[in-house]
Protein chains: 2
Amino acid sequence: MTNSDFDLRDFTPYLLNMAAEASSEAFQPNYKGKYGMLRTEWRVVFHLGRYGPMTAKEICERARVHKTKVSRAVAALEKKWFLKRDALPDDRRLEKLSLTAKGRAAFRDLYDAARAFDDHLMAQFTPEQQAMLRDCLIQIAKL
Amino acid sequence: MTNSDFDLRDFTPYLLNMAAEASSEAFQPNYKGKYGMLRTEWRVVFHLGRYGPMTAKEICERARVHKTKVSRAVAALEKKWFLKRDALPDDRRLEKLSLTAKGRAAFRDLYDAARAFDDHLMAQFTPEQQAMLRDCLIQIAKL
DNA sequence: GCTTGTTAGTTACATTTTCAACCAATATTT
DNA sequence: AAATATTGGTTGAAAATGTAACTAACAAGC
């Protein structure tokens with residue numbers, strides 16, 4: 001039978017979820033508190049700000065978010081004037097999404113906050129730990 | 001200004017979320033597909049099976065889940081006959097929750113599946129990586 | 001041309017999660 | 001003892017997510 005030395009702390013998906021939740025919650029005030037954004041909205045802003053204008057489809061693929069979530073995030077961001085849509089003449093199904101001035105300002109702020117947050121979070125680990133943690137997570141996430 | 005070498009892959013909360021999502025989704029068929037359980041229900045079953053009967057309050061604290069989620073998970077598990085409630089004579093607000101025979105059988109199955117899943121997930125890493133990953137996650141999760 | 005199939009994106013509906021208010025039992029204060 | 005506060009747990013409404021069906025634009029086959 002199962003010898004009972006296997007604990008919740010030994011179940012990696014559980015640990016990953018707890019760590020993800022803790023770190024996400026700690027960063028949340030930056031986009032939620034300051035800009036009233038949801039997590040998916042912040043991810044969309046990140047993608048547009050970091051990689052330039054693109055279509056919703058591209059965001060779905062790069063951010064690995066389902067299209068309905070992206071659709072709603074884009075609608076919300078548009079309503080709050082963080083981004084704008086431009087029709088693409090060659091294919092009228094597509095829309096080029098890009099940040100407005102307000103969106104770019106928010107992105108810069110959040111981008112810096114994210115970097116600072118990460119620096120602080122990782123400061124508790126040695127460089128070897130940091131590199132190994134990153135590698136393991138990327139591998140588990142199949143990125 | 002921000003020199004743009006900071007990528008999404010360098011933002012640890014993002015990596016943690018992607019890894020947590022990927023691993024949780026991969027394990028999900030075990031409790032969802034086979035037993036029709038939600039994630040919180042599986043966690044409740046795990047706690048009762050692994051640590052013995054306890055009250056909802058104790059599950060909240062140990063599993064770090066909000067009481068409304070536990071309350072609903074317990075109600076669902078009771079309806080499906082995975083657990084039963086017993087009044088505690090000294091404090092009638094409390095109920096001792098414990099697994100039924102059906103609940104214990106499901107727990108044993110899921111417990112073994114969890115262990116096997118974890119073994120397989122971690123097999124791609126060296127023992128040093130495994131230990132370091134575990135330590136880092138526990139620290140980030142503040143467990 | 002017309003039919004069929006695909007693709008980008010939205011919308012409607014069901015399920016889950018979250019937040020606050022709530023109830024009943026116990027504990028505390030006076 | 002009576003009044004108040006606290007605690008364990010539930011419930012209802014609002015917010016968010018997931019799933020599937022849908023629309024409109026394009027593409028391919030005939």
Side-chain angles (χ1 to χ4, degrees), chain A residues 17-18 20-22 24-25 28-29 31-33 35-45 47-48 53-80 83-98, chain B residues 17-18 20-22 24-29 31-33 35-45 47-48 53-80 83-98:
Chain A
N17 269 295
M18 297 303 276
E21 220 171 281
S24 289
E25 227 169 77
Q28 191 170 317
Y31 56 83
K32 189 172 192 176
Y35 298 101
M37 288 185 199
L38 258 29
R39 202 151 81 207
T40 310
E41 296 172 36
W42 144 236
R43 272 201 205 171
V44 168
V45 167
H47 276 263
L48 293 176
M54 61 181 85
T55 68
K57 177 86 193 307
E58 290 177 281
I59 296 179
C60 290
E61 287 158 359
R62 302 189 68 141
R64 296 183 155 208
V65 180
H66 194 268
K67 59 180 181 173
T68 62
K69 262 171 110 174
V70 169
S71 172
R72 292 198 248 251
V74 166
L77 288 168
E78 190 189 25
K79 186 148 73 175
K80 290 179 258 181
L83 65 75
K84 67 183 198 316
R85 314 159 112 122
D86 286 300
L88 286 180
D90 27 321
D91 188 337
R92 274 181 302 169
R93 287 172 305 183
L94 303 170
E95 293 171 313
K96 193 186 69 171
L97 305 169
S98 50
Chain B
N17 270 295
M18 296 303 276
E21 219 171 282
S24 290
E25 227 169 76
F27 185 69
Q28 191 169 316
Y31 55 84
K32 189 171 191 176
Y35 297 102
M37 288 184 197
L38 257 30
R39 187 128 55 97
T40 310
E41 296 172 34
W42 143 238
R43 271 201 205 170
V44 167
V45 168
H47 275 265
L48 292 176
M54 61 181 84
T55 68
K57 178 84 194 307
E58 290 176 280
I59 296 179
C60 290
E61 287 160 358
R62 299 189 69 141
R64 294 182 158 208
V65 181
H66 194 266
K67 60 181 184 174
T68 62
K69 263 171 109 171
V70 169
S71 172
R72 284 172 165 132
V74 166
L77 289 169
E78 190 188 25
K79 186 148 73 176
K80 290 178 259 180
L83 64 75
K84 65 184 199 318
R85 315 160 112 120
D86 286 301
L88 286 179
D90 28 321
D91 188 337
R92 275 181 301 170
R93 286 172 305 183
L94 301 170
E95 293 170 312
K96 192 185 68 170
L97 306 170
S98 49

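Naming convention: chains lettered A, B, ... in sequence-line order (proteins, then strands); numbering from 1 in each chain.
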With respect to the side chain of Arg92(A), which nucleotide from dT18(C), dC26(D), dT10(C) is positioned closest? dC26(D)
Assess whether side chain to side chain contact (heavy atoms under 4.5 Å, CB included) is satisfied between Asn17(B) and Arg43(A), documenting all intermediate values. CA-CA 12 Å; Asn17(B) 270 295; Arg43(A) 272 201 205 171; 4.0 Å; yes
Rounded to whole Å, how long is the line connecting atom CD of Gln28(A) with atom P of dA15(D)? 16 Å
Between dA8(C) atom C1' and Glu58(A) atom CD, what is the distance in whole Å? 12 Å
Electrostatic pair Glu41(B)-Lys80(B), nearest N-O below 4.0 angstrom: yes
Measure from the side-chain heavy atoms of Lys69(B) and tell me the nearest of dG8(D), dT17(C), dT10(C). dT17(C)
Please determine whether a side-chain nitrogen or oxygen atom of Ser71(B) lies at a distance below 4.0 Å from atom OP1 or OP2 of dG9(D). no
Would you call Leu97(B) and Leu77(B) a side-chain contact if the rule is heavy atoms closer than 4.5 Å? no
What's the CZ-C1' distance between Arg62(A) and dA8(C), to the nearest Å? 18 Å
Presence of donor-acceptor pair under 3.5 Å, side chain of Arg93(B) and base of dT26(C): no
Roughly, in whole Å, what's the span from CG in Asp86(A) to P in dG9(C)? 13 Å
Could you check whether Arg39(B) gets within reach of a base, just the sugar-phosphate, or nothing at all, counting any heavy atom under 4.0 Å? nothing
What's the NZ-P distance between Lys67(B) and dA20(C), to the nearest Å? 12 Å
Counting only distance, no hydrogens or angles, is the base of dG12(D) paired donor-acceptor with the side chain of Arg72(B) under 3.5 Å? yes
Touch class at under 4.0 angstrom, heavy-atom based, for Thr40(B) against every strand present: nothing
How are the rings of Trp42(B) and Tyr31(B) set to each other: parallel, tilted or perpendicular (split at 30° and 60°)? parallel
Arg64(B) side chain reached by Glu21(A) side chain, heavy atoms, under 4.5 Å: no
Between dT7(C) (C1') and Glu95(A) (CD): distance, integer Å: 14 Å
In whole angstrom, give the distance that lies between atom CZ of Arg43(A) and atom P of dA16(D). 16 Å
Let me know the distance between NE2 of His66(B) and C1' of dA15(D), rounded to the nearest Å. 15 Å
If you find the nucleotide of DNA chain D closest to Leu88(A) and the one closest to Arg85(B), which residue's nucleotide is nearer the 5' end? Arg85(B)
Under 4.0 Å, counting only non-hydrogen atoms across every strand here, what does Lys57(A) touch: a base, just sugar-phosphate, or nothing? sugar-phosphate
By nearest nucleotide on DNA chain D, pick out whichever of Leu38(A) and Asp91(A) is the more 5' one. Leu38(A)
